[in-house]
Trainee: 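Following this message is one structure expressed as structure tokens.
Values in this document were obtained by computation on a predicted structure and should not be read as measured data.
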Amino acid sequence: MSRLTAQLLNLRQTLLPVRLLIGLLLLGLAACSAPESDTSGSELQRLQSIAERVTIMRDDYGVAHIYAETDADTAFGFLYAQAEDDFPRIERNYIWAIGRLAEVEGESALYSDLRARLYMSEAEAREAYEAAPAWLQALSDAFADGLNYYLATHPEVTPTLLSRFESWMPFYFFEGSIGGDIEQIPTRGIEAFYSGVNPAAVAALSPTSSAPTPLAQSIHDEPVGSNGFALAGSRTASGNAMLLINPHTSFFFRGEYHVVSGEGLNAYGAATWGQFFIYQGFNETTGWMHTSTGADFMDEFVHDVVEQNGDYFYRYGDDLRPIEVSDITLNFVDDDGVMQQRSFQRYMTHQGPVTHMQGDNWVVTRINWNAVDALRQSYLRMKTANYDEFSDMMDIRTNSSNNTVFADAEGNIAYFHGNFMPRRDPRFDYSQPVDGSDPATDWQGVHDVGETVMMVNPVNGWLQNTNGTPFTMAGDNSPQASDFPAYMAPEAENFRGLNAVRVLQDASDVTLESLIDLAYDPYINGFEQLVPGLIRAWEELEPDWPDLEQAIDALQSWDYRVSTDSVGMTLAHFYGMNAAREIDTPEDMSQMQQINWLGTGSDPVDRLSVFSATLLQLNEAFGTWNTPWGEINRYQRITGDIDHPYSDNAPSLPVGMASSRWGALASFGARAYPGTNRIYGSSGNSFIAVVEFGERVRAKSLLAGGQSSDPTSPHFDDQAQRYADREFKDVAYYREDVEARAVRTYHPGQ
């Protein structure tokens with residue numbers, strides 16, 4: 001360990017294990033709350049006057065349609081309606097985003113908070129708000145006003161921590177993805193660097209490395225991402241373009257909303273709790289679907305740091321540049337419920353904060369962090385009228401963690417692989433950390449949208465992305481990987497991508513109903529090599545495994561299609577999960593290749609041994625291995641808790657979908673929980689919509705469970721059976737349709 005590193009480990013952390021007096025604790029909490037006058041007198045009158053300008057119509061499925069003359073007033077109603085539906089998730093998102101999770105969850109969340117504060121302090125968030133254009137400030141003010149008015153008019157609601165929302169908060173949580181870019185930075189490296197743990201413990205950390213994760217480590221992590229399909233009029237019955245919006249998120253992560261203003265806003269779709277824009281959705285003439293990208297848009301820069309007279313410098317070319325040092329103090333609740341504090345020093349280069357070490361070197365993780373433009377782009381997306389306007393919006397180039405599938409009423413379809421794409425020197429391998437002292441490795445601006453992997457109106461008439469390689473986006477008409485730098489699209493293909501191409505290449509005369517059929521195609525191609533490999537092993541070694549014959553016969557007669565009555569799906573799923581865990585797979589393969597290798601390259605005896613153990617597992621859990629998939633694979637929502645409990649003794653519904661890890665287009669990520677034998681879905685198809693653009697937009701949608709997190713609400717689970725049965729509802733988009741289906745019309749606060 002270098003002398004500098006030893007000094008740093010002694011100096012970087014100041015621990016303040018001070019037990020705060022109850023009076024000081026209450027004072028600190030009060031500082032985060034609105035003064036009494038803020039929700040009484042003139043402040044309350046101001047909020048009431050805004051509320052009177054906003055109309056909320058709840059339709060027969062509880063979807064809130066919010067109307068106002070200005071965008072800002074609509075945003076006020078939008079946030080108020082979201083709080084009615086699920087205030088705890090709004091609050092949780094902002095507690096996490098602004099770096100105060102440890103005040104609720106304790107010391108274990110301390111380095112999640114530190115990660116947030118490394119990239120933005122509250123002072124910097126306030127500066128971002130002040131730098132925003134006036135219209136964006138007005139929306140941010142409306143965000144805070146809508147939530148604060150909800151709290152003022154619902155005294156029965158007790159926030160966990162945030163009893164007042166501020167206009168600067170959205171600048172922490174601006175993009176709309178589940179965790180955004182920042183969540184890809186492991187907290188273990190931050191903890192090792194800033195806590196004083198031996199840096200050798202993180203010497204090999206490389207958060208942005210492209211090396212595949214061993215299957216045994218990754219198989220139980222349900223794939224995250226989404227499906228997006230766009231069809232041109234040449235493929236549809238009406239001649240109009242169509243769009244599939246199919247995010248695969250944790251259930252109940254987004255609600256379904258419709259926001260309308262007299263300033264040209266009329267957007268419908270899924271909104272992440274606590275944001276004032278529709279994240280995945282459509283307006284009357286354009287639609288957009290985001291899928292999580294694997295494009296390499298973040299990098300690690302390794303720095304040789306030197307110390308001179310107590311100050312720290314990093315080498316950059318022939319210069320020594322000073323490291324910017326600032327203080328961060330975080331609160332956390334200890335095991336006794338007493339608030340503690342811990343202070344750290346943040347170390348910054350021009351590329352961003354130091355996040356971990358590699359050997360004795362400091363490593364900076366550089367990500368897109370342009371809160372004002374990213375929030376601006378997220379909002380303006382809703383108001384684009386056609387492809388040209390959408391392309392202009394994409395030129396803001398801050399939507400870093402998403403791919404985008406697009407369709408419009410003029411008949412255009414398009415695909416954009418990523419959006420924020422740093423321009424780099426192709427001589428260097430950016431899938432690994434690079435030498436930060438060499439200016440040649442630094443970012444050289446951002447690629448123009450037209451330089452990225454994208455396509456507009458392919459001759460085949462369809463586009464797709466399922467979080468895999470973009471070089472199959474349009475089948476044989478796709479862009480060629482050789483035409484782009486490797487960092488733009490390092491993703492491997494996945495089973496869903498192959499399945500999407502299969503269903504789309506023969507699609508014709510598509511209607512909204514048949515687009516749903518395509519999106520829910522039951523064929524599970526992830527078993528095409530895994531299951532035949534098991535059957536071949538048994539045929540070779542049959543005399544040694546006579547007890548497997550009936551189960552092998554069940555697999556031989558299976559057509560690789562998932563349904564509630566499929567025993568083959570039960571056998572294949574549990575065998576595949578167990579084989580991935582028990583049989584060592586080559587590490588230089590993608591997950592799809594590893595799963596296929598289990599069927600073609602593994603030892604036949606290992607396959608049969610795992611299958612025999614799988615049958616015993618099923619016999620013990622369910623009485624017989626001959627158990628239909630729907631008896632095991634279930635949907636359940638019994639509380640509105642964010643950390644939802646599951647129980648085999650509580651009501652649940654059979655679901656004929658499967659995990660996307662096996663190539664299921666309609667994803668249902670399920671697993672067992674403590675005390676359960678059945679597996680319960682908690683992620684996958686969440687909000688799903690199919691949209692047709694023409695003289696009038698038409699759409700159908702479905703939401704996992706229901707719009708409300710309140711178990712006493714009629715909209716807590718009114719879509720649950722529809723979800724299991726794949727029975728979509730018609731979207732009420734035009735005012736006359738909304739009014740015809742409105743069950744309740746009111747102003748916020750009523």
Side-chain angles (χ1 to χ4, degrees), residues 119 175 177 179-186 189 204-213 224-225 290-303 316 349-352 355-356 358 363-370 374 394-404 415-455 465-473 478-494 497 588-593:
Y119 284 90
E175 193 202 350
S177 296
D181 307 343
I182 194 171
E183 199 168 42
Q184 298 188 41
I185 302 170
L205 275 181
S206 181
T208 57
S209 171
S210 62
T213 302
V224 295
H290 296 311
T291 62
S292 299
T293 191
D296 183 2
F297 57 86
M298 53 191 294
D299 288 316
E300 295 174 330
F301 295 89
V302 181
H303 284 285
Y316 191 74
T349 74
H350 73 284
Q351 295 152 336
T355 56
H356 61 283
Q358 184 169 346
V363 183
V364 168
T365 303
R366 188 171 190 178
I367 64 176
N368 169 39
W369 197 270
N370 183 347
M394 291 293 284
D395 196 50
I396 299 173
R397 293 176 288 174
T398 54
N399 190 13
S400 48
S401 64
N402 293 309
N403 309 315
T404 304
Y415 175 76
F416 304 84
H417 195 71
N419 182 240
F420 171 83
M421 181 53 60
R423 191 186 302 276
R424 294 106 151 182
D425 188 327
R427 293 177 299 162
F428 301 99
D429 179 7
Y430 287 92
S431 69
Q432 303 298 324
V434 295
D435 181 4
S437 67
D438 184 353
T441 67
D442 219 340
W443 290 357
Q444 301 161 23
V446 180
H447 280 282
D448 293 337
V449 173
E451 296 175 320
T452 63
V453 186
M454 62 167 294
M455 179 164 275
N465 183 257
T466 65
N467 317 113
T469 175
F471 302 119
T472 58
M473 67 169 76
S478 303
Q480 299 299 306
S482 58
D483 293 336
F484 301 91
Y487 57 75
M488 281 194 178
E491 303 97 322
E493 185 60 282
N494 59 38
D588 58 345
M589 296 179 175
S590 69
Q591 184 176 95
M592 183 177 77
Q593 292 170 330

Trainee: Dump the intermediate steps for side chain to side chain contact (heavy atoms under 4.5 Å, CB included) on Thr293 and Glu491, then the final yes or no.
Mentor: CA-CA 8 Å; Thr293 191; Glu491 303 97 322; 3.7 Å; yes
Trainee: Is it the case that the side chain of Glu300 and the backbone of Gln432 share a donor-acceptor pair, with hydrogens and angles ignored and the cut-off at 3.5 Å?
Mentor: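 Between the backbone of Gln432 and the side chain of Glu300 there is no qualifying donor-acceptor contact (under 3.5 Å).
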Trainee: Not counting sequence neighbours, which residues clear side-chain hydrogen bond (donor to acceptor under 3.5 Å, both in side chains) with Asp425? List them please.
Mentor: Arg427
Trainee: Heavy atoms only: give me the nearest Gln184-Pro186 pair and the separation to one decimal.
Mentor: O-CD, 3.4 Å
Trainee: Quick one: pull up CZ in Phe416 and OG1 in Thr452 and give me the separation to the nearest 0.5 Å.
Mentor: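 One finds 8.0 Å between CZ of Phe416 and OG1 of Thr452.
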Trainee: Using the test ring-ring contact (aromatic ring centres under 6.0 Å, His included), find all partners of Phe420 that sit at least two apart in sequence or belong to another chain.
Mentor: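 In terms of ring-ring contact (aromatic ring centres under 6.0 Å, His included), with neighbours along the sequence ignored, Phe420 is linked to Trp443.
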Trainee: Between CZ of Phe301 and CD of Gln351, what distance do you get to the nearest 0.5 Å?
Mentor: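 Answer rounded to 0.5 Å: 4.5 Å.
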Trainee: Can you list the residues that meet the ring-ring contact (aromatic ring centres under 6.0 Å, His included) rule with Phe484, with sequence neighbours excluded?
Mentor: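 None.
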Trainee: The criterion is side-chain hydrogen bond (donor to acceptor under 3.5 Å, both in side chains); which residues satisfy it with Thr291, sequence neighbours excluded?
Mentor: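 Residues passing side-chain hydrogen bond (donor to acceptor under 3.5 Å, both in side chains) with Thr291: Asn403, Asn465.
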Trainee: Which atoms form the tightest heavy-atom contact between Ser292 and Gly225, and what is the distance?
Mentor: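 Shortest heavy-atom separation between Ser292 and Gly225 comes out as OG-CA, 3.9 Å.
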Trainee: By ring-ring contact (aromatic ring centres under 6.0 Å, His included), which residues pair with Tyr316, not counting sequence neighbours?
Mentor: His350
Trainee: Going by the rule side-chain hydrogen bond (donor to acceptor under 3.5 Å, both in side chains), which residues pair with Thr398 if we only count those two or more places apart in sequence or in a different chain?
Mentor: Gln377
Trainee: Ile185 versus Ile367: any side-chain heavy-atom pair under 4.5 Å?
Mentor: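 SC-SC contact between Ile185 and Ile367 confirmed.
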Trainee: Please test Thr365 against Tyr119 for side chain to side chain contact (heavy atoms under 4.5 Å, CB included), starting from the C-alpha separation and ending with a verdict.
Mentor: CA-CA 10 Å; Thr365 303; Tyr119 284 90; 3.5 Å; yes
Trainee: Can you tell me which residue pairs pass the salt bridge (Lys or Arg N to Asp or Glu O under 4.0 Å) test with a partner in residues 441-455, sequence neighbours excluded?
Mentor: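 Matches after skipping sequence neighbours: Arg366-Asp442, Arg397-Asp448, Arg423-Glu451.
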Trainee: Checking Arg424 now: which residues fulfil salt bridge (Lys or Arg N to Asp or Glu O under 4.0 Å) with it, not counting sequence neighbours?
Mentor: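 Salt bridge (Lys or Arg N to Asp or Glu O under 4.0 Å) check on Arg424 returns Asp296, Asp299.
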Trainee: Listed by chain and number, what are the salt bridge (Lys or Arg N to Asp or Glu O under 4.0 Å) partners of Asp438, not counting sequence neighbours?
Mentor: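 By the salt bridge (Lys or Arg N to Asp or Glu O under 4.0 Å) rule, Asp438 matches no residue at all.
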Trainee: If every non-hydrogen atom of Pro479 is compared with every non-hydrogen atom of Pro470, which pair is closest and at what distance?
Mentor: CD-O, 4.2 Å
Trainee: Looking at every non-hydrogen atom in both residues, tell me the closest pair between Asp395 and Val449 and how far apart they are.
Mentor: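 Scanning both residues, the minimum pair turns out to be CA-CG2, 3.9 Å.
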Trainee: Using salt bridge (Lys or Arg N to Asp or Glu O under 4.0 Å) as the criterion, list what pairs up with Asp435, not counting sequence neighbours.
Mentor: none
Trainee: So, do Asn399 and His290 sit near enough that their side-chain heavy atoms are less than 4.5 Å apart?
Mentor: yes
Trainee: Over all heavy atoms of both residues, which pair between Gln358 and Val302 is shortest? Give the atoms and the distance, please.
Mentor: OE1-CG2, 3.6 Å
Trainee: Are the side chains of His417 and Phe471 in touch, meaning some heavy atoms are under 4.5 Å apart?
Mentor: no
Trainee: Tell me every residue that passes side-chain hydrogen bond (donor to acceptor under 3.5 Å, both in side chains) with Ser401, counting only those two or more places apart in sequence or in another chain.
Mentor: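 Scan of Ser401 (side-chain hydrogen bond (donor to acceptor under 3.5 Å, both in side chains), adjacent residues dropped) gives Glu175, Ser177.
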Trainee: Could I get the full list of salt bridge (Lys or Arg N to Asp or Glu O under 4.0 Å) partners for Glu493, not counting sequence neighbours?
Mentor: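 Checked Glu493 against salt bridge (Lys or Arg N to Asp or Glu O under 4.0 Å); zero matches.
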Trainee: Look at the aromatic rings of Tyr487 and Tyr430 and report parallel, tilted or perpendicular, splitting at 30° and 60°.
Mentor: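 Rings of Tyr487 and Tyr430: perpendicular, over 60°.
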Trainee: State, with a plain yes or no, whether a side-chain heavy atom of His447 is found less than 4.5 Å away from one of Met488.
Mentor: yes
